[in-house]
Amino acid sequence: MATDEERVGNVKRQLAKLFESSLRAIVPDESDVEPLIAPCTGKFGDYQCNNAMGLWSKIKGKGTEFRGPPSVGQAIMKNLPPSEIVESCSVAGPGFVNVVLSKSWIAKTIQNMLRDGIETWAPQLEVKRAVVDFSSPNIAKEMHVGHLRSTIIGDALARMLEFSNVDVLRRNHVGDWGTQFGMLIEFLFENYPNLEDVSETAIGDLQAFYKASKQRFDDDAAFKLRAQQAVVKLQGGESEYRKAWSKICEISRKEFDKVYQRLGVKLEEKGESFYNPYIPGVIKELSELGLVEESEGARVIFIEGANIPLIVVKSDGGFNYASTDLTALWYRLNEEKAEWIVYVTDVGQQQHFDMFFKAAKRAGWLPADDSKYPKASHVGFGLVLGEDGKRFRTRSSEVVRLVDLLDEAKSRSKTALIERGKAKEWTEQELEQTAEAVGYGAVKYADLKNNRLTNYTFDFDQMLSDKGNTAVYLLYAHARICSIIRKSGKDIDELKKAGVIVLDHAGERELGLHLLQFSEVVEEAGTNLLPNVLCEYLYNLSEIFTKKFYSNCQVVGSAEETSRLLLCEATAIVMRKCFYLLGIEPVYKI
């Protein structure tokens, strides 16, 4: 197995170690200087150290021997310790130090990964435990495309953190508590005097049930009064009311699970009701810290820079989102010992999160400095639009049912496979599995490839196209690589043990370098909570493989066949790990 020294993570981190030692040698008194390493975009190298200009502005006038940024750059280069990583260095412009990596080191690093597994390329983050709060639909309401985005983005972030050796608590903070339950329970009692008769089939469509109870609530004053009393009885713990509430939650959960099963997403439910018993204690703690004040009959926390306060106890004595969210944060920090709490919701909730994070900082629960742990982050995302550029809805302006949406993606994918004659070549099971992998993968990738803050247009034709930056194109590219390896007739596991990778052709070297950047890309995507960074890497990997390597380097039957088959296998392994981190099932044949 690779030693920890060899595994210090990605190339960027390994180069940072080298440059750190050089910086310490040339400016021993400037201990807070961190190496600035970035992949190169020019032709002069693979990576660049960009410290010279910033360092010059710190040391000029302090009696330094240097005459400007270029001489600082020269000194940084000359003081680099010898390393097998580096082939050569040069200084360009205002002191940029360009590094060309050793191709034999790139080849050796890829060979080690093939021997020891892709886990040896996992980033090492300083966080040990994180909560990712995502999906979080409301009980008795249909999951909509906003929940789809939260579920897909949250799952991808959780997977990236898990791969980076973080213990991730995947939390489904469902809306299972609140005043709406009064009208639902009362309506349930009216229609089903005997609770034993209540089932999924009896109630049918929960959404319709919700609407009908809301209609009663709005139209009938006596019903409204009973519904309000029902809330009090539920919150007081009366058994019949708790039982009715449990029934409604259970039916809803089964509906949600249909979506989670299709998407292959695992979540642990801790809904609003879970935190309810802890709220009074948390409000008491915040009051004793002097944060909670009376205002117009309510109890609030004033937040600097906000024109409205954060209401934590309503004027009728009831609790609200802020009370629950503060309590959930308290619980996650103190009971679950999480160092990073990530909330994945639409960008419209940004202000709410800003305010309650500020309240948590005032309480001393979170440090004032956002770069320190424990920390809380809001992962906002934009709207899903229809092809008309408006919010995505069905023709009857209803919210689209997610199960129907996912089934439609699978069905279109299956039709495309049948049109390509696969029904004759494959078993029904293979056809079904591939249609699911491609259909669900297409929906996920179309969402994840965009910067999450932007709105995106939901378009089946575009997402299921096999051309351009789509899941279909990438899954097919992976299947083609697997087919090259199969057609060679060689035992790839034997080649991994005895074969040697050589990167003499420019296309081989470019592919090798891109493979090596996998670890730092996953680290960047996970740390900055941006799955699109990983999507871009995956698409570029596929493009480099096809256009730079495969188009110019014959694999099967060439003198370099063993080395090139190992590069094919390394590409397939990295692609599969990218798919896994994005929640997409790979396809092995097309």
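- Other residues, nucleotides and ligands contribute at most 12 non-hydrogen atoms within 6.0 Å of the CD atom of Glu536.
- Summarising the geometry, atom CE belonging to Met463 is positioned 12.5 Å from atom OG belonging to Ser413; distances are rounded to the nearest 0.5 Å.
- Not counting sequence neighbours, the partners of Asn532 by the side chain to side chain contact (heavy atoms under 4.5 Å, CB included) test are Asn451, Leu530.
- Between the side chains of Ser136 and His147, not a single donor N or O lies within less than 3.5 Å of an accepting N or O.
- Ring-plane geometry between Phe356 and Tyr343 is classed as perpendicular, the angle between the planes exceeding 60 degrees on a 0 to 90 degree scale with a lower cut at 30.
- The distance from atom CH2 of Trp365 to atom CD1 of Ile341, rounded to the nearest 0.5 Å, is 10.5 Å.
- The shortest side-chain heavy-atom distance between Cys89 and Leu80 falls under the 4.5 Å cut-off.
- No donor-acceptor pair under 3.5 Å is formed between the side chain of Thr457 and the backbone N or O of Asp459.
- Salt bridge present: Lys58 and Asp32 bring a charged side-chain N and a carboxylate O closer than 4.0 Å.
- Between Cys568 and Phe549 there is a side-chain heavy-atom pair separated by less than 4.5 Å.
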Checking salt bridge (Lys or Arg N to Asp or Glu O under 4.0 Å) for the pair Arg13/Glu520: CA distance, chi angles, key distance, verdict? CA-CA 8 Å; Arg13 279 186 184 251; Glu520 68 200 50; over 6 Å; no

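- Between the side chain of Asn51 and the backbone N or O of Glu34 there is at least one donor-acceptor pair closer than 3.5 Å.
- Panel note: side chain Glu339, backbone Lys128; a donor-acceptor pair is recorded below 3.5 Å.
- Taking the six-membered ring where tryptophan is involved, the planes of Phe545 and Tyr550 are essentially parallel, since the angle between them stays under 30° and well short of 60°.
- Using a distance-only test at 3.5 Å, with no hydrogens or angles considered, no donor-acceptor pair links the side chain of Ser164 to the main chain of Val166.
- Remark: Asp325 CG to Gln349 CD distance equals 8.5 Å, nearest 0.5 Å.
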Does the side-chain contact (heavy atoms from CB on, under 4.5 Å) test come out yes or no for Cys535 and Leu582, once each step is laid out? CA-CA 8 Å; Cys535 295; Leu582 298 168; 3.9 Å; yes

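- Other residues, nucleotides and ligands contribute over 12 non-hydrogen atoms within 6.0 Å of the CD atom of Gln74.
- In Gln351, the CD atom is not crowded: 12 or fewer heavy atoms of neighbouring residues, nucleotides or ligands sit closer than 6.0 Å.
- Residue Gly154 comes nearest to Val132 through the heavy atom pair O-CG1, 3.8 Å, listed as atom of the first residue, atom of the second, then distance.
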Tabulate below the donor-acceptor pairs under 3.5 Å that side-chain atoms of residues 497-511 make, not counting sequence neighbours, or state none.
unit_1	atom_1	unit_2	atom_2	d
Lys497	NZ	Glu494	OE2	3.4
His505	ND1	Gly507	N	2.8
Glu508	OE1	Asp504	N	3.1
Glu508	OE1	His505	N	2.8
Glu508	OE2	Arg564	NE	2.7
Glu508	OE2	Arg564	NH2	3.3
Arg509	NH1	Asp46	OD1	3.2
Arg509	NH2	Asp46	OD2	2.6
Arg509	NH2	Leu101	O	2.9
Glu510	OE2	Lys548	NZ	3.3

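- Without hydrogens or angle criteria, Thr470 side chain to Asp466 main chain gives no donor-acceptor distance under 3.5 Å.
- Side chain of Gln48 to main chain of Asn98: no donor-acceptor pair is present (N/O by atom type, distance under 3.5 Å, no hydrogens or angles).
- Taking 4.0 Å as the cut-off between side-chain N and carboxylate O, Glu304 and Lys358 do not count as a salt-bridged pair.
- Using a cutoff of 4.0 Å between basic side-chain nitrogens and carboxylate oxygens, Glu336 and Arg171 are scored as salt-bridged.
- Annotation for Ala477 and Met575: closest pair CB-CE, 4.3 Å, computed over non-hydrogen atoms.
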Quick one: do Leu565 and Val555 satisfy side-chain contact (heavy atoms from CB on, under 4.5 Å)? Show the steps, please. CA-CA 7 Å; Leu565 280 171; Val555 178; 3.8 Å; yes

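- Of all the heavy atoms in Ala52 and Pro94, the pair that sits closest is CB-O, 4.0 Å.
- A donor-acceptor contact under 3.5 angstrom links the side chains of Tyr445 and Asn469, judged on distance only.
- Taken from CZ in Arg332 to CG in Asn334, the straight-line distance is 13.0 Å, to the nearest 0.5 Å.
- Looking at Glu268 and Arg170, no side-chain N of the basic residue comes within less than 4.0 Å of a carboxylate O on the acidic one, giving no salt bridge.
- Side-chain contact between Pro367 and Pro374 is present, with at least one heavy-atom pair separated by less than 4.5 Å.
- A salt bridge does not link Glu30 with Arg24: none of the charged nitrogens is closer than 4.0 Å to a carboxylate oxygen.
- Defined by atom type and a distance below 3.5 Å, a donor-acceptor pair is present between the side-chain atoms of Ser135 and Tyr260.
- When all heavy atoms of Asn528 and Arg452 are compared, the pair lying nearest together is O-NH2, 3.9 Å.
- Nearest heavy atom pair, residue Gly583 against residue Asp155, reads CA-OD2, 4.2 Å.
- Side-chain atoms of Ser542 never come within 3.5 Å of backbone atoms of Leu474 as a donor-acceptor pair (strictly under, hydrogens ignored).
- Remark: the backbone N or O of Glu543 is not paired with any side-chain donor or acceptor of Thr546 at under 3.5 angstrom.
- With hydrogens and angles disregarded, no donor-acceptor distance shorter than 3.5 Å links the side chain of Ser88 to the backbone of Val100.
- Atom OH of Tyr473 sits in a crowded spot, with more than 12 heavy atoms from other residues, nucleotides or ligands closer than 6.0 Å.
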Would you please test Arg115 and Lys496 for side-chain contact (heavy atoms from CB on, under 4.5 Å) and show each step? CA-CA 6 Å; Arg115 190 187 65 229; Lys496 282 182 197 176; 6.0 Å; no

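- Using cut-offs of 30° and 60° for the angle between ring planes, the Trp340 and Tyr373 rings count as perpendicular.
- A donor-acceptor contact closer than 3.5 angstrom links the side chains of Gln350 and Asp354.
- Expressed to the nearest 0.5 Å, how far OH of Tyr588 lies from CD1 of Ile485 amounts to 11.0 Å.
- Side-chain polar atoms of Gln14 and Tyr47 form no donor-acceptor pair below 3.5 angstrom.
- No salt bridge links Lys375 with Asp369; every basic N to acidic carboxylate O contact stays at or beyond 4.0 Å.
- Nearest heavy-atom pair, Val443 versus Tyr456, reported as atom, atom and distance to 0.1 Å: O-OH, 4.4 Å.
- Put simply, the side chain of Leu18 reaches to within 4.5 Å of the side chain of Val86, judged on heavy atoms.
- Every residue two or more places apart in sequence or in another chain was checked for a ring pair (Phe, Tyr, Trp, His ring centres under 6.0 Å) with Tyr580, and none qualifies.
- Proximity of a side-chain donor or acceptor of Lys444 to a complementary backbone N or O of Leu263 within less than 3.5 Å is detected.
- Considering only heavy atoms from C-beta on, Val259 stays 4.5 Å or farther from Thr151 through its side chain.
- Salt bridge present: Asp370 and Lys361 bring a charged side-chain N and a carboxylate O closer than 4.0 Å.
- Between the CE atom of Met113 and the CD atom of Glu119 there is a distance of 10.0 Å, given to the nearest 0.5 Å.
- Using a 4.5 Å heavy-atom threshold, the side chains of Trp121 and Asn10 count as separate.
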